[in-house]
Amino acid sequence: MRRADAAEWILSLSLSTSQDRAASIAGDLAEQARLYGARWFWSSLIRTTGSLAWRAFTDAPLRLTGMAVMGALIQAIYTILLMLGIVFGHVAVMVVLGLGTEGTFLDLDSGPSMLAWQMESIVAFLLASFFLGKWLARKAPQRELAVYVTIWFIFHLVWIPGLLLSTGGAQVLPAVVPDVLVDIISTAVGGMCTLLGVKRVRRPPPALVR
Amino acid sequence: MSTPALGEFEQIVLLAILRLDHEAYGVTIRSEIEKCTGREPAPGALYTTLDRLEEKGLVRSHMADPTPERGGRSKRYFTVSAKGLKAVTHAVRNYQRLLEGLELPGLTYAQS
């Protein structure tokens, strides 16, 4: 019955009501899955979670938008701070080990420096996503998913027009495909890290822990 | 106190709960709607409607009867409140009034 445990936990992220309700919906889906199969179970879970998250948003759209703006700012600030910590930490370690600054952000002309920048920014983003999850679990309990999706939506409201402007609007599709792929992957992986942050604060039901 | 207005799906859900009497929970409500209307409601739509009806005070729910096929999870049983009964009666009466004297293919409604 592990999938029902997982369903209960996922539903509890979008429900604006009690854990009991998440459990009863997960139980209903598990009961019907015996008739309709696993595919039906997971697609129903996704659609039900979406409906409940949407309802959580429409119940208090201004409050949730405010929280999403705050969440986006928190993630941006965390990313910048962590990025600074990581790159200066990198330089400090290189200097202490007597390796100079080759390959760090101070070594602007080298290829390894660019790679280090990218790796460090990815790590900073993932850590910031984790901290965002912890913040969401504390500030928007049982509405985490609705707020996270709103953050994602606000970010893309800014990012997509920016991308179109930067490519001049011409030959948009081929030009943006790599960026869109990176965006999909980073949204998915960042989302997983956010979920881990939520999980850290809000323990899953005991059945899922076992 | 005025009778709250009901959407079409809210009426269907309330009528299904009434038909099921004390056996109304997510799974049975969904299958009753499918049996009577031929429409299979999406689980998400059903649960958000049930929550909305409960917030309006038209239905009440309680948890009971955990079973092994549900992974030991309780069923959330629904009953229609007096307010809900009044609202659905009002909606059905309005509907019948609209149908009075109409002749539809295969159906005839006499004037009462």
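Every chain is numbered from 1, with letters handed out A, B, ... down the list of sequences.
- Between B:R73 and A:D28, no side-chain nitrogen of the basic residue sits less than 4.0 Å from a carboxylate oxygen of the acidic one, so the salt-bridge criterion is not met.
- Annotation: side chain of A:S129 is in contact with side chain of A:Q75 (closest heavy-atom distance under 4.5 Å).
- Contacts of B:R52 with chain A are made by both backbone and side-chain atoms, with heavy-atom separations under 4.5 Å.
- Of the charged side-chain nitrogens involved, none lies within less than 4.0 Å of a carboxylate oxygen, so that B:E23 and B:K75 do not count as a salt-bridged pair.
- Contact check for A:T65 versus A:F57: side-chain heavy atoms found under the 4.5 Å cut-off.
- For a residue to count as touching a neighbouring chain, one of its non-hydrogen atoms must lie under 4.5 Å from one of that chain's; by this rule A:A33 does not touch chain B.
- Using a 4.5 Å cut-off between heavy atoms, B:S74 contacts chain A through its backbone alone, with no side-chain atom that close.
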